[in-house]
Amino acid sequence: HGGTVVSTTGAQPLDILVEGETIVALLHPGSTALGADLRTTADTVVDATGKYVIPGGVDGHTHMQMPFGGTEASDTFETGTRAAAWGGTTTIVDFAVQKPGERVQDTLELWHRKAAGQCAIDYGFHQIVGEVNDESLKGMAELVSEGVTSFKLFMAYPGVFYSDDGRILRAMQTAADLGALLMMHAENGIAIDVLVAQSVARGDTAPYFHGTSRPWQLEEEATHRAIMLAELTGAPLYVVHVSARQALEQIAVARGRGQNVFAETCPQYLYLSLEEQLGAPGFEGAKWVCSTPLRARAEGHQDALWRYLRTGDVTTVSTDHCPFCMKDQKEMGRGDFSKIPNGIGGVEHRMDLMFQGVAKGLISLERWVQVCCTAPARMFGMYPRKGVIAPGADADIVVYDPKGHTSIGYGKTHHMNMDHSAWEGFEIDGHVDTVLSRGRIVVDGGSYHGSAGHGRFVKRELSQNLL
Ligand code: DUC
Ligand code: ZN
Ligand code: ZN
């Protein structure tokens with residue numbers, strides 16, 4: 001009651017009636033359209049006076065307990081979804097990772113077992129196709145019917161997840177036939193591996209050189225190649241974690257032609273830079289080793305990302321939450337950056353970090369809701385159950401206080417299972433106040449009322465965002 005409901009098209013004072021797990025009505029404040037003022041008839045009233053009321057955040061890209069780089073991402077589905085809830089995210093879409101030799105159906109089953117009974121908020125899965133072959137391609141159809149409607153391939157990481165162009169072409173043909181979304185990690189991994197080996201051989205082994213050995217040219221080139229293969233096959237393409245201005249320019253051109261190509265970026269590319277990683281003392285820069293890498297601010301990537309966020313050529317903001325501790329995990333790469341597990345943890349901070357863009361006038365209030373909630377819900381086939389405040393939608397609701405304050409940092413607001421924060425020292429003019437997941441209050445002011453197992457698997461439709 002009393003809040004300003006924000007959607008992708010505007011903001012207005014509205015009360016929301018929730019019954020059980022679902023939103024049943026939006027009413028003008030004080031309305032007696034349902035017989036009496038809701039404040040007198042409801043079992044529970046959440047006071048949202050002076051605050052924004054938005055759909056729960058949808059983070060379309062997380063890696064809970066992901067096996068990677070000789071270790072496993074440090075957040076479990078339990079700890080990671082709890083942290084997400086604290087930060088106003090009420091749905092994640094995580095990645096099931098097919099190992100070579102494994103059937104994608106079996107991978108998915110395994111990921112269901114990891115997540116079941118553990119999650120505080122709702123969750124879906126994308127499928128990483130680690131090995132494109134006849135069996136995997138057949139399996140994709142089965143996964144679509146089970147609500148896993150997006151498939152990620154890698155042009156990076158030769159010998160691990162890498163697919164060559166022929167395999168990419170085949171997977172895209174299958175995705176096009178199914179109407180499924182093809183997600184691409186677009187970096188030229190073959191060329192990157194040569195630059196990495198040369199850097200290490202030169203003795204340039206500090207964390208910073210992770211970034212310099214993955215230059216923007218190899219993101220632009222791979223992005224363009226992926227766009228052309230998608231154009232040829234008709235597969236809808238979603239380029240994950242775009243960080244290079246030039247890669248975005250390729251995507252914007254393709255979109256201008258009317259091609260179904262979408263860009264995702266992440267808060268780390270909007271705020272953090274290669275220059276800061278260079279300036280970090282000792283091995284500290286390891287906490288920002290992720291792929292695609294942080295890019296040089298001086299090259300204008302950040303400005304371009306914010307600009308394309310405004311124009312709509314960046315469709316979604318996700319975290320690529322892939323946390324590793326410094327001790328025992330990132331530490332493996334001391335003396336050789338190529339052994340640092342790639343990833344940044346941030347599932348807890350996306351809504352705040354992006355609201356800071358609103359506070360600074362870089363994006364509008366409506367665009368904040370769109371890139372963090374509505375667009376990812378539509379992109380991944382969960383709309384209008386997720387991503388919108390409307391009758392019939394799940395009651396996933398965040399009360400956000402624009403006059404509140406959030407100090408991000410380890411030991412401050414930090415619920416992720418990590419021994420550091422990649423976002424240490426960030427001060428946000430805003431605060432997640434109350435969070436509802438399917439009608440249940442999971443965060444209320446400073447206290448947590450969620451529980452493992454409340455979160456349910458979301459069986460997704462095909463993307464609802466195609467041009
Ligand atoms: N990039 C990361 O930083 N971590 C996980 C996988 C990826 O592509
Ligand atoms: Zn990736
Ligand atoms: Zn990722």
Side-chain angles (χ1 to χ4, degrees), residues 59-75 80 84 92-99 111 123-130 150-163 168 171 181-189 192-193 196 207 210-211 213-214 218-219 222-223 226 237-244 247 262-270 272 274 277 285-295 316-326 329-330 332-333 337-347 350 376 379-380 416 418 422-423:
D59 191 339
H61 189 154
T62 67
H63 300 283
M64 305 306 172
Q65 55 199 88
M66 184 210 203
F68 188 51
T71 181
E72 190 170 284
S74 58
D75 263 316
I92 59 165
V93 190
D94 205 274
F95 288 84
V97 188
Q98 180 203 20
K99 283 202 295 250
W111 253 260
Y123 61 96
F125 292 121
H126 310 288
Q127 176 71 46
I128 287 175
V129 183
S150 40
F151 300 88
K152 184 181 180 191
L153 298 184
F154 288 78
M155 301 168 100
Y157 304 122
V160 191
F161 302 126
Y162 175 80
S163 291
I168 291 169
L181 194 63
L182 204 297
M183 307 172 79
M184 188 61 81
H185 180 127
E187 286 186 295
N188 183 328
I192 286 170
D193 272 10
V196 167
H210 168 82
S213 58
R214 310 179 86 88
L218 299 183
E219 186 183 345
T223 302
L237 175 68
Y238 178 93
V239 187
V240 296
H241 49 54
V242 179
S243 62
F262 304 89
E264 163 197 275
T265 195
C266 313
Q268 51 269 37
Y269 307 120
L270 291 161
L272 305 173
L274 194 57
Q277 195 173 26
K287 64 187 182 189
W288 295 319
V289 165
C290 59
S291 298
T292 59
L294 302 187
R295 302 226 172 262
T316 57
V317 175
S318 340
T319 56
D320 196 5
H321 178 76
C322 193
F324 296 101
C325 290
M326 289 296 268
Q329 297 194 300
K330 295 276 187 184
M332 296 190 296
F337 68 81
S338 71
K339 301 207 163 54
I340 301 171
N342 291 196
I344 284 182
V347 74
R350 184 183 61 126
M379 195 73 240
F380 300 121
M416 299 173 286
M418 302 169 68
W423 296 99

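Atoms within a ligand are numbered from 1 in the order they appear, just like the ligands themselves. All residue numbers refer to positions in the sequence shown, counting from 1.
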Qualifying residue for side chain to side chain contact (heavy atoms under 4.5 Å, CB included) with His61, from Ser318, Cys322, Pro376 | Ser318
The N/O/S atom of His63 lying closest to the Zn ion (ligand 3) is NE2
Which N, O or S atom name in His61 marks its closest approach to the Zn ion (ligand 3)?
-> NE2
Note down each nitrogen or oxygen pair, ligand 1 side and protein side, whose separation is under 3.5 Å; give only atom names and the distance to 0.1 Å.
residue  : atom  : partner : partner atom : Å
ligand 1 : 1 (N) : Ser291  : O            : 2.7
ligand 1 : 3 (O) : Ser291  : N            : 2.9
ligand 1 : 3 (O) : Ser291  : O            : 3.4
ligand 1 : 4 (N) : Asn342  : O            : 2.9
ligand 1 : 8 (O) : His185  : ND1          : 2.9

Backbone or side-chain N/O/S of Cys322 under 2.8 Å of the Zn ion (ligand 3) | no
Apply the side chain to side chain donor-acceptor pair (under 3.5 Å) test between His63 and each candidate in Asp94, Thr319, Asp320; give the one that qualifies.
-> Asp320
Is [X] reaching over with its side chain to a backbone N or O of [Y], donor-acceptor style, under 3.5 angstrom?
X      : Y      : result
His126 : Gly60  : yes
Gln268 : Trp288 : no
Lys330 : Gly343 : yes

Short side-chain donor-acceptor distance under 3.5 Å, Ser291 and His241 | no
Does any donor atom in the side chain of Thr316 or Tyr238 lie under 3.5 Å from an acceptor atom in the other side chain?
-> yes
Residue pair Leu182 / Ala171: nearest heavy atoms and the distance that separates them = CD2-O, 4.1 Å
Who pairs with Lys99 by salt bridge (Lys or Arg N to Asp or Glu O under 4.0 Å), at least two apart in sequence or on another chain?
-> none
Kindly say whether the aromatic ring centers of Phe68 and Phe95 come within a distance under 6.0 Å.
-> no
Using side chain to side chain contact (heavy atoms under 4.5 Å, CB included) as the criterion, list what pairs up with Asn188, not counting sequence neighbours.
-> Ile190, Ala191, Leu218, Glu221, Arg225
Taking 2.8 Å as the upper limit, name the protein N, O or S atoms near the Zn ion (ligand 2).
-> Lys152 NZ, His185 ND1, His241 NE2
